[in-house]
Amino acid sequence: MGGVFQANAQHQKENTDMKLWYGHPAQRWVEALPVGNGRLGAMIFGNPQDEVIQLNENTFYAGQPYRNDNPDALKRLGDVRDLVFDGKYVAAQKMVDDNFFRGPHGMPYQTIGNLRLTYKDQTEVENYYRELDIENAIVSNHFKKSGINYATKVLSSHPDQVIVAHLTADQSGAISFSASMDRPGEFDFRVIGNDLLEMSGTSTDHEGIEGAVTFVANVKFVPKGGSIRADQNKIEIANADEVTIFISIATNFVNYRDISGDASSRAISYLNKVVSKSFEKVYTDHVADHRLHFDRVKLDLGRTGAADLPTDVRVEQFAQGNDPQLVSLYFQFGRYLLIAASRSGGQPANLQGIWNDQLYPAWDSKYTVNINAEMNYWPAEISNLTELHEPFIQMVKDLSETGQKTAKDMYGARGWVLHHNTDLWRITGPVDFAEAGMWPLGGAWVSQHLFEKYDFSGDQTYLASVYPVAKQAAMFFLDYLVEDPHTGYLVVTPSTSPENVPHQFHNSAVAAGNTMDNQLLFDLFTRTIEAAKILGDQDIVIKEMEEKLARLPPMQTGSWGQLQEWQKDWDNPKDNHRHVSHLYGLYPSNQISPYRTPELFSAAKTSLQARGDESTGWSMGWKVNLWARFLDGNHAYKLIKDQLSPAILPDGKQKGGTYPNLFDSHPPFQIDGNFGCTAGIAEMLMQSHDGAIHILSAIPDEWSKGSVSGLRARGGFEIGIEWDDHHPKEINILSNLGGVCRIRSYYPLEGEGLKEAEGDNPNQFYQLPDIKKPIIKDMDRIQDIELRPIYEYDIKTEPGQNYSIYSKK
Ligand code: FUC
C-alpha cells in the first residue's frame, strides 16, 4: 500500500499538463490508453470491474518469409510504355493490372490478445479517474469501491522488456480477482503452477501464405498478502494487499528471412530476469529510460482554463475554444508515441504504430510507403528523437536487399525497387492494383530518410554505412527512366501520382513523368551525387546519374496557376483528393521556396487551396506541415483544429480527426496523422531546410507568447526560443558540429558575434537545391503572394558551445 497509491490519489490536484485523463473507463478501444516499449504494446481500458489489457508484440504478423514479384511484367513493360506514350492510358493501366500483380498483397499485423482481470467486487465505483502520464510513460487509474480506494498502474518497460501492472488498495487484504487470457484467433492456453498464465499461438495463413510466426505470452502474478491459486483456466487471487503482474511476450521472429527463434524460451527469459525486481525499481528504471528521450524538448504555447478539463472534452471543444495547451500536449503525445513504438534494433512503427486489437486490421496495419510510413518518421529528427529513426533506416536497408530481385525480375533493372507497400517480410513487388500499386518510387522516397538523418547529425561514418543503399536505389531509376518521345525528358513510366486519377480526362492513374516522381528523383540523384563527393566514390555510375539528373522534367505551372501534378495539365480545381503528392517538393522536400522559387511557391499554394482543408487524418497532418512551409501560421493552426476535432460524430459515423485517446483517425485509427501533425507543429516553430534556421516561422495569432527548447535543426544545431507578443525574446543555440549558424527572423536581432548575413550560407548542411528552371506557363495566373520582410544573421559557432541572441532593443 502506501506510496504508490497515495501518489495516485493526488493526481486530480496535480498538474495534468502532460497527461491525458478521463473521468470514466474506456468503453471502446479508441478510448483505451497506449503504453509501449518499442516492441510490446498494450491498450489499457481501466475498467474497475472487468479490466482489459489488450496486448501486442510488433513482429506478430500473418504469413512467413515470401515474395510477391510478377516477372511477367518484364515482357509487357515495353508495350505498357508504348500505350502510355500513345495516350492510351486506360489500356496501359489494364495491361499493368493484368500482368504486374501476383498477390499476395501483404501480411496483416495481428493482435496477441487480452489479459482480463475480473474483480470479485463488481459493485459500482465512485471518484473514478484514469490517465496516461506521457512524461513518465505510465497509465494509471484509481477509484473507490465499497469504501475502499483502489489504484492500478501499467507500463511497458524498455529496459526490462516486459509490461508490468501494479494493483494497490488503501486497505489491506482488499484485492481479489481472477485472471484469464483470450484472443480473436486460435490459441493454446494453460496455467503453470499457481501463479503463471501462458497463452500461445501461431499467426494466420493469409492469401496463400501459411502463417508461421509463433508467440508465447507469459503472465506472472506476484501478490503481497492474501492467497493465489490456479483454478482450471484462470488464476484466482484473494485478499491480497497489492499485486504485481509481469507480462512477457515473444515470438520466433529473428529477421525478415528467419523465423527460427524460440518464442517460449525468449518469453520466459525476459520474465525470469525481471520477476524478482520490485515494481518501484522497474518503474524507476523505466522512467529514467523514457525521460532520456522525452525530456529533450519542452514546449509551452500558453495555458487557459480549458487545460483543466478531461482530454475527451478538450477534443470536443478545441475547434471552438481557446486551448493552446492541447496543442503542446498533442505535440508531446506524438513524441511519446514514437518513443513507445520505435526502438533501435526493432521494427519501425507501422500504420497503427504497434497498437492493434484485430487479426485483419485496415490495410493490414503494415507499411504504406507512398506517404504513411515516411510520415511516421517526420518528427524523428526535428523533435530530437534521432535514435528512434533507426528501425526505419534498418527497414530501408532490408528493402534494398529484397528489392534487388524485384528490380531485376520485373523490370530488368539494376539496383532495387519498392512499390507502394511493404510488410514485416519486406516485400517489394506491387500490391493491390495499378491505381495505387503501379508506383515504383517507394525506394526513392524511403531513401530520403537516409540523408535526412545525416543532415541533422553530420555523422560521416553513418553516411558511409547507408550510402550504398541510396546509390542502389538511384541505380534502379537510371535503368527505369525512359525518354518521353513527345518532350525528350527522361520520365518514370509506368507510374502514378499516388492514388490520384485525372478523372475529367480518363479513368486511369497510369502516366509518365508525374511531378512527384521527378521531385523524388531530383532529390535522390542530387543527394547521392553529393554523398559520392563527400565519401570519394569515383564510380562511373555517378556520371551517368549527373547526366540523367539534367534530363528530368522541370516543375510546371498550369492553366489555373496551379503546380501541375502531372506532366500534362490534368489538374482539376475541384479535386479534393487526400494525397497532395506534387507538394512533396514543398514538404518534406525543399525544392519549393518563397525566396528562391516564388512562382512555384505561389502555384503550390494555389494547388493546396483548391484541395481544401478537411480530409483523412494523415492528409490534414501533411497540410499542417505544408501551411507551415507556406509561412502561414493561422492556416496551419486551422488545420490543427480540423485534425483535433472529434473523429466520432454524434450519429456514430467516423471522419478524419481525433479519437478520445488522441489517436489520429483516418478513419479508422492510423498513427501517421499523429506523427504528421507533431512534425507540423515543430515546423510552425522553426524550419531549417531553406538556407537558414527560420525561427518562429509560422506562429498563429493564438500563440502570441510561448517557449520551446531542444528542437533540432540541420547541421547539428539545437534551438530554444522564447517569445512574447510574437517577438523573439531570447534564442538559444547549442552547436554540436560547429560551423556558421544562419538565423532568419521576422524581427531584428542582436547578440554577441551576430553579424548580418551576406551571400549563401557557407554551412555545408544549408546548401540549396539547384532545381531545373520551372516552366511557368502563364504569369497572369500566378497569384500574388505577400511575404513578411525577414532579417538574416550569421554567427560562427564552435562544437559544444552555446550562444544566446535577443530581439533588438
Ligand atoms: C494510402 C492512403 C489511404 C490510407 C492507406 C493506408 O493508400 O491513400 O488513405 O492511408 O494508405
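All figures in this text were calculated on a predicted structure; none of them were measured in a lab. Whatever order the structure lists ligands and atoms in, that order sets their numbers, starting from 1.
- Counting only heavy atoms of the protein, atom 6 (C) of ligand 1 lies nearest to Trp363 CD2, 3.3 Å.
- Nearest protein neighbour of atom 11 (O) of ligand 1, counting heavy atoms only, is Asn372 OD1, 3.2 Å.
- For atom 2 (C) of ligand 1, the closest heavy atom belonging to the protein is His579 NE2, 3.5 Å.
- Every atom of ligand 1 with a heavy atom of Leu351 under 4.0 Å away is listed here by number and element: 6 (C).
- Heavy-atom contacts of Arg578 reach the following atoms of ligand 1: 2 (C), 3 (C), 8 (O), 9 (O) (cutoff under 4.0 Å).
- Between the side chain of Glu683 and the main chain of Arg629, no donor-acceptor pair closer than 3.5 Å is present.
- Under a cut-off of 6.0 angstrom, the local environment of NZ in Lys405 is sparse, with at most 12 non-hydrogen atoms contributed by other residues, nucleotides or ligands.
- Checked against the 6.0 Å centroid threshold, His206 and Tyr360 count as a close aromatic pair.
- The closest side-chain donor-acceptor pair between Asp569 and Gln562 falls under 3.5 angstrom.
- Closest heavy-atom approach to atom 1 (C) of ligand 1 among the candidates Glu499, His420, His577, His666: Glu499.
- Relative to the ring axis of Tyr480, Arg81 places its NZ or CZ within 45° and under 6.0 Å from the centre.
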